[in-house]
Undergrad: 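This is the structure I want to talk about, given as structure tokens.
As the structure is a computational prediction, the values presented were derived from the model and not from experiment. Computed over heavy atoms, backbone and side chain alike; hydrogens, waters and symmetry mates excluded. Order of appearance sets the numbers: ligands from 1, and atoms from 1 within every ligand.
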Amino acid sequence: MENELEWWGLERGYYNAGGAMAVPSGDQKPESYYVGVDVGTGSVRAALVDQRGTLVAFAEQPINQWEPQFNHHEQSSEDIWAACCVVTKKVVQGIDLNQIRGLGFDATCSLVVLDKQFRPLPVNHEGNSHQNIIMWLDHRAVSQVHRINETKHSVLQYVGGVMSVEMQAPKLLWLKENLRETCWDKAGHFFDLPDFLSWKATGVTARSLCSLVCKWTYLAEEGWDDSFWKKVGLEDLIADNYSKIGNQVLPPGASLGNGLTPEAAKDLGLPAGIAVAASLIDAHAGGLGVIGADVRGYGLACEEQPVTSRLAVICGTSSCHIGISKDPIFVSGVWGPYFSAMVPGFWLNEGGQSVTGKLIDHMVQGHAAFPELQAKATARCQSVYAYLNSHLDLIKKAQPVGFLTVDLHVWPDFHGNRSPLADLTLKGMVTGLKLSQDLDDLAILYLATIQAIAFGTRLIIEAMEAAGHSISTLFLCGGLSKNPLFVQMHADITGGNGKDEQSWESCVSQT
Ligand SMILES: Nc1ncnc2c1ncn2[C@@H]1O[C@H](COP(=O)(O)OP(=O)(O)O)[C@@H](O)[C@H]1O
Ligand SMILES: O=C(CO)[C@H](O)[C@H](O)COP(=O)(O)O
């Protein structure tokens with residue numbers, strides 16, 4: 001569901017946004033194929049779609065993560081590129097490669113560091129250059145982001161008033177202050193991961209407006225603000241017209257250079273020269289897909305409503321809540337407003353919860369009854385989530401499943417609060433624990449965690465609405481949208497807020 005949705009959306013929105021593709025209708029045989037590569041936190045997926053946007057093939061490959069210290073999360077750009085090659089080769093098996101017209105990437109907004117010859121540089125004290133990515137969820141730069149926020153620089157009003165430790169400026173400052181000789185002085189290129197991938201494919205160092213606006217303080221109309229970089233102690237990045245962090249900026253979907261280089265073509269098993277699109281951050285690729293989704297014909301209440309009434313909720317390791325507007329809306333604690341970073345000509349606001357899928361996995365896998373759960377789910381050939389959902393159905397008896405948690409509550413900010421409180425110091429909490437630790441307890445804890453995440457989404461919606469958004473429908477995609485309980489709890493918990501609960505629920509479920 002997740003990937004079909006994400007990539008269906010990518011096809012309909014991403015390429016069209018760049019004007020690079022027309023989608024013919026009718027039942028004709030596929031004449032053209034397009035490859036989309038989605039780099040999430042835990043895995044890389046490729047999809048092959050035809051000119052109608054129909055998913056033809058899909059492949060997934062896990063990627064490595066390292067946590068050399070608590071709150072330090074690293075990956076390897078070589079490992080990720082190798083995984084992109086594996087999945088791309090798989091999805092194009094058996095088709096005529098000459099029918100492939102284009103390739104696009106999206107990826108998490110992690111920071112990739114390369115030297116002046118484009119070789120990986122270590123982002124750790126151990127000097128392991130294989131680990132050259134500071135991941136988006138890395139929280140090492142706490143002191144740096146605190147000092148950046150103390151400047152109260154005007155660019156901060158475009159990130160919800162408070163910069164997140166998950167953005168690139170604090171991470172760059174951390175590298176400068178902590179790895180001066182081994183990394184900072186040797187670095188030639190700092191890329192957002194989506195832009196690294198498009199460079200790797202084409203040799204073009206142009207950055208996507210999506211990544212620079214959403215994570216690097218670039219303003220779509222004004223460009224870089226020298227005074228910000230000077231004020232935070234990163235004035236060296238201004239040199240040579242910002243060549244280390246990007247001085248050519250293209251809208252997502254724009255065609256890059258001469259397309260796929262012969263070297264990258266060999267790696268990926270694709271023809272050299274095919275069009276490669278400027279990338280998107282993974283959440284924004286999913287957001288574009290669902291915000292642009294054609295929902296006509298399903299009898300949904302949202303059918304006649306404007307796209308600005310949709311909230312895309314992209315839920316994987318984390319959840320991102322993306323809404324668009326014609327005019328800028330400033331929402332305290334919610335990232336943005338960002339202009340043209342996802343839908344050309346529209347502003348976007350992005351709320352988020354730093355860990356959602358990761359939190360559910362953490363709670364479930366850390367419980368004493370997890371081995372029993374695993375054994376029982378395996379015996380039934382089910383995922384642990386499907387097993388837990390049916391177990392909850394069994395124990396709820398006649399009452400609605402949500403009522404099983406009247407005595408057990410979770411506060412979900414185990415990795416700080418991204419939105420709307422924008423407080424990275426917040427921690428998680430569970431109240432109502434008992435001495436028993438059986439499968440019933442695990443199932444109820446799992447439910448309480450999902451409910452807590454859904455309440456977090458409700459808080460984000462309330463903050464966005466109070467600032468001027470008018471949201472009627474949630475569109476969910478990502479790994480967690482495969483979980484019907486997660487979707488239902490979001491419908492129940494966000495829908496009762498003075499809305500037409502029935503229509504809200506059905507829109508969420510259908511999507
Ligand atoms: N079949 C499933 N049922 C329920 N939840 C799932 C399922 N598959 C994955 N998930 C959840 O989705 C999360 C991963 O989502 P995904 O979109 O693949 O993540 P990412 O893009 O961050 O790599 C996991 O943490 C897990 O909680
Ligand atoms: O901040 C982001 C988007 O703006 C991160 O890229 C995103 O939260 C990570 O995505 P995922 O949870 O799907 O791996």
Undergrad: Which atoms of ligand 1 are found less than 4.0 Å from any heavy atom of Gly357?
TA: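 Listed by number with element: 25 (O), 27 (O).
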
Undergrad: In terms of atom number and element, which parts of ligand 2 are under 4.0 angstrom from non-hydrogen atoms of Thr41?
TA: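 Going through ligand 2 atom by atom, the ones under 4.0 Å from Thr41 are 11 (P), 14 (O).
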
Undergrad: Distance to 0.1 Å, residue and atom name: give those for the protein heavy atom nearest to atom 3 (C) of ligand 2.
TA: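 Scanning the protein heavy atoms, the shortest distance from atom 3 (C) of ligand 2 goes to Glu350 OE2, 3.5 Å.
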
Undergrad: Parallel, tilted or perpendicular: which fits the ring planes of Trp224 and Tyr242, with parallel below 30° and perpendicular above 60°?
TA: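 Geometry flag for Tyr242 against Trp224: parallel rings.
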
Undergrad: Under 3.5 Å, is there a donor on one side chain and an acceptor on the other for Tyr446 and Asn389?
TA: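 The criterion, which ignores hydrogens and geometry beyond distance, is satisfied for Asn389 and Tyr446.
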
Undergrad: When you compare ligand 1 with Arg45, is there at least one nitrogen or oxygen pair between them that comes in under 3.5 angstrom?
TA: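 Arg45 vs ligand 1: N/O contact under 3.5 Å present.
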
Undergrad: Between Ser43 and Arg45, do the side chains contain an N or O donor and an N or O acceptor separated by less than 3.5 Å?
TA: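 On atom types as modelled, these side chains qualify, holding a pair under 3.5 Å.
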
Undergrad: Which heavy atom of the protein is the closest neighbour of atom 2 (C) of ligand 2, given with residue, atom name and distance?
TA: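 In this structure, atom 2 (C) of ligand 2 has Cys109 SG, 3.3 Å as its nearest protein heavy atom.
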
Undergrad: Counting both backbone and side chain atoms, is some N or O of Gly478 under 3.5 Å from an N or O of ligand 1?
TA: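 Gly478 vs ligand 1: no N/O contact under 3.5 Å.
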
Undergrad: Checking the N or O distance criterion of under 3.5 Å, is ligand 2 in contact with Ser318?
TA: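 Such a contact does occur with ligand 2.
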
Undergrad: Taking only heavy atoms of His284 into account, list the atoms of ligand 2 that are under 4.0 Å away from them.
TA: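 So the atoms of ligand 2 that pass are 4 (O).
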
Undergrad: Suppose I only count heavy atoms of Asp361 and a 4.0 Å limit; which atoms of ligand 1 are within that range?
TA: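 Counting atoms of ligand 1 from 1, those under 4.0 Å from Asp361 are 24 (C), 25 (O), 26 (C), 27 (O).
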
Undergrad: Between Trp216 and Asp192, is there a side-chain donor-acceptor contact under 3.5 Å, judged purely by atom types and distance?
TA: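 There is such a pair (donor and acceptor under 3.5 Å, judged by atom type) between the side chains of Asp192 and Trp216.
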
Undergrad: Side chains of Thr405 and Gln451 only: does a donor on one sit below 3.5 Å from an acceptor on the other?
TA: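 Side-chain D/A pair, Thr405 to Gln451: present.
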
Undergrad: Let me see the working for Trp174 and His72 under ring-ring contact (aromatic ring centres under 6.0 Å, His included), right down to the final yes or no.
TA: CA-CA 12 Å; Trp174 186 93; His72 289 223; 5.8 Å; yes

Undergrad: For ligand 1, which atoms have a heavy atom of Gly40 less than 4.0 angstrom away?
TA: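 Once the distances to Gly40 are compared, the set is 21 (O), 23 (O).
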
Undergrad: Would a line drawn from the ring center of Trp335 to the ring center of His321 be shorter than 6.0 Å?
TA: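 Distance test on ring centres: not under 6.0 Å, no.
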
Undergrad: Please list, in number order, the atoms of ligand 1 under 4.0 Å from a heavy atom of Tyr385.
TA: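 Close to Tyr385: 2 (C), 3 (N), 4 (C), 5 (N), 6 (C), 7 (C), 26 (C), 27 (O).
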
Undergrad: Using a strict 4.0 Å cut-off to heavy atoms of Ala283, name the atoms of ligand 2 that fall inside it.
TA: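 Per the distance check, 3 (C).
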
Undergrad: Decide whether Ser76 and Gln131 meet the rule of one side-chain donor and one side-chain acceptor closer than 3.5 Å.
TA: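 The criterion, which ignores hydrogens and geometry beyond distance, is not satisfied for Gln131 and Ser76.
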
Undergrad: Does the ring centre of Phe339 sit less than 6.0 Å away from the ring centre of Tyr158?
TA: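 That pair fails the under 6.0 Å test.
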
Undergrad: Could you list which atoms of ligand 2 come closer than 4.0 Å to a heavy atom of Ile281?
TA: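 Heavy-atom distances to Ile281 below 4.0 Å select 3 (C), 6 (O).
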
Undergrad: Consider ligand 1: state whether an atom of it lies below 4.0 angstrom from any non-hydrogen atom of Ile360.
TA: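 No, Ile360 has no heavy atoms under 4.0 Å from ligand 1.
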
Undergrad: I need the nearest protein heavy-atom contact for atom 10 (O) of ligand 2: residue, atom name and distance, please.
TA: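 Checking every protein heavy atom, the shortest distance to atom 10 (O) of ligand 2 gives Asp282 OD2, 2.9 Å.
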
Undergrad: Measuring from the heavy atoms of Glu166, does anything fall under 4.0 Å of ligand 2?
TA: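 Glu166 does not count as a contact of ligand 2 under the 4.0 Å cut-off.
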
Undergrad: Relative to the heavy atoms of Gly42, which atoms of ligand 1 are at a distance of less than 4.0 Å?
TA: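 Counting from 1, the qualifying ligand atoms are 23 (O).
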
Undergrad: Where does Arg418 meet ligand 2, judged by heavy-atom distances below 4.0 Å: at the side chain, the backbone, both, or neither?
TA: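 The part of Arg418 near ligand 2 is the side chain, not the backbone.
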
Undergrad: Could you tell me whether some N/O pair between Thr317 and ligand 1 is separated by less than 3.5 angstrom?
TA: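 The answer is yes, given that Thr317 and ligand 1 share an N or O pair closer than 3.5 Å.
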
Undergrad: Can you say whether the rings of Tyr387 and His391 are parallel (under 30°), tilted (30 to 60°) or perpendicular (over 60°)?
TA: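 It falls in the parallel class, under 30°.
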
Undergrad: Please report which non-hydrogen protein atom sits nearest to atom 1 (O) of ligand 2, along with the residue it belongs to and the distance in Å to one decimal place.
TA: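 Answer, as residue, atom name and distance: Lys215 NZ, 3.1 Å.
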
Undergrad: Has Arg207 got its NZ or CZ under 6.0 Å from the middle of the six-membered ring of Phe191, at an angle within 45 degrees of the ring axis?
TA: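 Yes; both conditions hold, so Arg207 lies above the ring face of Phe191.
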
Undergrad: If we ignore angles and hydrogens, is there a donor and acceptor under 3.5 Å between the side chains of Ser208 and Asp195?
TA: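 Result is no, nothing qualifies.
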
Undergrad: Relative to ligand 2, is Cys320 under 4.0 angstrom through side chain, backbone, both or neither, heavy atoms considered?
TA: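 Side chain only.
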
Undergrad: Identify which of Leu480, Val44, Thr108 has a heavy atom lying nearest to atom 11 (C) of ligand 1.
TA: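 Nearest option to atom 11 (C) of ligand 1, by heavy atoms: Leu480.
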
Undergrad: Judged by modelled atom types alone, do His139 and Glu166 share a side-chain donor-acceptor pair under 3.5 Å?
TA: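 There is such a pair between these side chains.
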
Undergrad: For Asp282 and ligand 1, does the shortest N/O to N/O distance drop below 3.5 Å?
TA: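 Such a contact does not occur with ligand 1.
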
Undergrad: In terms of side-chain heavy atoms, does Gln75 have a donor or acceptor partner in Asp79 at a distance below 3.5 Å?
TA: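 No, Asp79 and Gln75 have no side-chain donor paired with an acceptor closer than 3.5 Å.
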
Undergrad: Does Thr108 reach ligand 2 with a nitrogen or oxygen that is under 3.5 Å from one of the ligand's nitrogen or oxygen atoms?
TA: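 So ligand 2 has no N or O lying under 3.5 Å from an N or O of Thr108.
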
